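A short write-up of the structure that comes next.
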Amino acid sequence: MDSLPIQPDVTRAEQKTASPPYWTVFRRQLQHLLKSYTFRVVMQGLLTLWLVTTFTFFLIRKMPGNPVDIQIDRLMLTYSLTYEEARNQAASLFDFDPEASLMEQYVDYLGNLLQGDMGRSITASRTPVHQQILRFLPWTLFSVGLGLLISFTLGVFIGMAMAYWRGSLFDNVMTAFASVIYGIPDFVIIFIIILLFGVQWNFFKVGDVYGGVDPGLESGFNLPYLKSLIQHGFLVVLTYVLSSIGGWMLTMKSSTISTLGEDYILVAHARGLSQRRILTTYVGRNAMLPLVTRLAISIGFVVGGSVIIETLYQYPGLGRLLYNSIAVRDYVTMQGVFLVIACSVIFSNILADLMYGVLDPRVRIGGSKS
């Protein structure tokens, strides 16, 4: 009778060196993920988005004025309907039950939102809100985005020059200009442009700059349409540049002066490096760090546009859509616009945190240890 093969003895030390179970590997990977700087930044962003969405939902419904009553009054005045007829027609405009409790409306709103449904506008013939946003968003991205790019670029270069030649005539003049222009509200800048350049000096006709483009033109990459697009958007871009460039100039000047006093700048001078290399490699990169977060926040608010600027110029952007929705208490459109703005701001802040970790590794390393 053949004997059974003798199994080798497995010592306790050999068992420890064997591959760990799957749940142990998963636990280690989960712990590593939770300690990750990127993961924590993203989770904080998602939590902030939920809190902002919830706060906005309840805040909008606590505003004075009822959308049902506003629609009833509009229908009665426009079509000479009785109160009951106007109320029946107004009730058909809502995707939600205005008489339901706030918690029921909130649960329904989150359920539809998770399915990608922002609802339908109350005032725009039940048009889906996402279609409205996609219609007005490109105008805002063009005008406010171009204005932010110009103001940031000019502000950074002028602010760095102000710091490098601090105490000179150029520095004194630019500092005074930045301080004055930064303290003027954007609507005051609009009135100055229209009254001085439009009415007094007659550089342009005020009626020709309102709106987004001349009516009747075929949209596309053709010369008449592009010319009209630039003509109508020029004052919007100019107003945004003038209202924001002062802050970029002063911030960059302060950051550059602080960077010029660091020890590594003195070492770079002692090594005989050229002024151009010192400014671009050593001063510029480090002086830009405080501006990264502010730029990211500004990029996020580009999506929201400027409500005052777009409303006064009658520019068809997302800011004007938000203003018109607030005026008629269009809850659904207001929620959609605020949600898009919140998403853009939170995403840009996440991007700023990640960029800050790349530019300054001490932030990323310190965050992973905390």
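Reckoned from all heavy atoms, side chains included, excluding hydrogens, waters and symmetry mates. We're numbering straight along the sequence, starting at 1. None of these values were measured; they are calculated from a predicted model.
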_Residue of the set Y109, Y331, Y106 for which ring pair (Phe, Tyr, Trp, His ring centres under 6.0 Å) holds with F58_ = Y106
*asked:* Counting C-beta onward and ignoring hydrogens, is there a side-chain heavy-atom pair between I245 and Y182 closer than 4.5 Å?
replied: no
*Among all residues two or more places apart in sequence or in another chain, which pass the side-chain contact (heavy atoms from CB on, under 4.5 Å) test with I350?*
V41, V42, I346, L354
*Go through the structure and list residues passing side-chain contact (heavy atoms from CB on, under 4.5 Å) with F136, not counting sequence neighbours.*
P316, L318, L321
*What residues, two or more places apart in sequence or in another chain, satisfy salt bridge (charged side-chain N to carboxylate O under 4.0 Å, His left out) together with D171?*
K253
*Six-ring centre of F57, R61 cation under 6.0 angstrom, axis tolerance 45°*: yes
*Qualifying residues under side-chain hydrogen bond (donor to acceptor under 3.5 Å, both in side chains), relative to T140, sequence neighbours excluded*: E310
List, one per line, each side-chain donor-acceptor pair under 3.5 Å for residues 189-204, sequence neighbours excluded.
none

*Hey, could you give me each pair passing side chain to side chain donor-acceptor pair (under 3.5 Å) that has a residue in residues 145-154? Not counting sequence neighbours.*
S151-S244
*asked:* Measuring from atom CG of L339 to atom NE2 of H130, what distance do you get when rounded to the nearest 0.5 angstrom?
replied: 13.5 Å
*Are any of the side-chain heavy atoms of M63 and I326 separated by less than 4.5 Å?*
yes
_The test is side-chain contact (heavy atoms from CB on, under 4.5 Å); show your working for D214 and L217 and say whether it passes._
CA-CA 6 Å; D214 292 333; L217 293 178; 3.8 Å; yes
*Please check if the side chain of R166 supplies one atom and the backbone of A163 the other of a donor-acceptor pair under 3.5 Å.*
yes
_Around atom CZ of F142, are there more than 12 heavy atoms from other residues, nucleotides or ligands closer than 6.0 Å?_
yes
*Can you tell me how far the OG atom of S298 sits from the CG atom of L149, to the nearest 0.5 Å?*
12.5 Å
*Do the side chains of F177 and N172 get nearer than 4.5 Å, heavy atoms only?*
no
*Verify same cluster id: M249, I181 (apolar side-chain graph, 4.5 Å)*: yes
*Quick one: name the residues clustered hydrophobically with F55, using the 4.5 Å side-chain heavy-atom rule over I, L, V, M, F, W, Y, and just say none if it's on its own.*
L59
_I'd like to know if the side chain of S228 and the backbone of P224 have a donor-acceptor N/O pair within less than 3.5 Å._
no
*Would you confirm whether T259, through its side chain, and S255, through its main-chain N or O, come within 3.5 Å as a donor-acceptor pair?*
yes
*Does the R320 side chain pair with the main chain of Q314, one donor and one acceptor, at a distance under 3.5 Å?*
yes
_Is there a side-chain contact between I184 and S243 in this structure, where contact means two heavy atoms from C-beta onward sitting under 4.5 Å apart?_
no
*CD1/I60 to CE/M334 distance, rounded to the nearest 0.5 angstrom?*
4.0 Å
*State, to 0.1 Å, how close G336 and M118 come at their nearest heavy-atom pair, and which atoms those are.*
CA-SD, 4.2 Å
_Residue pair R120 / V129, side-chain heavy-atom distance below 4.5 Å_ = no
*Aromatic rings F170 and W165: how do their planes relate, parallel, tilted or perpendicular, breaks at 30° and 60°?*
perpendicular
*asked:* Restricting to side-chain contact (heavy atoms from CB on, under 4.5 Å), what partner residues turn up for P215, sequence neighbours left out?
replied: none
*Check whether the side chains of D330 and S325 place a donor and an acceptor atom closer than 3.5 Å, and report yes or no.*
no
*All pairs passing ring pair (Phe, Tyr, Trp, His ring centres under 6.0 Å) where residues 211-255 contributes a residue, at least two apart*: F152-W248
*Which residues share a side-chain contact (heavy atoms from CB on, under 4.5 Å) with V302, sequence neighbours left out*: L141, V144, L148
*Taking only residues two or more places apart in sequence, or in another chain, which ones meet T251 in a side-chain hydrogen bond (donor to acceptor under 3.5 Å, both in side chains)?*
R294
*asked:* By the salt bridge (charged side-chain N to carboxylate O under 4.0 Å, His left out) test, which pairs, at least two apart or in different chains, include something from residues 180-207?
replied: none
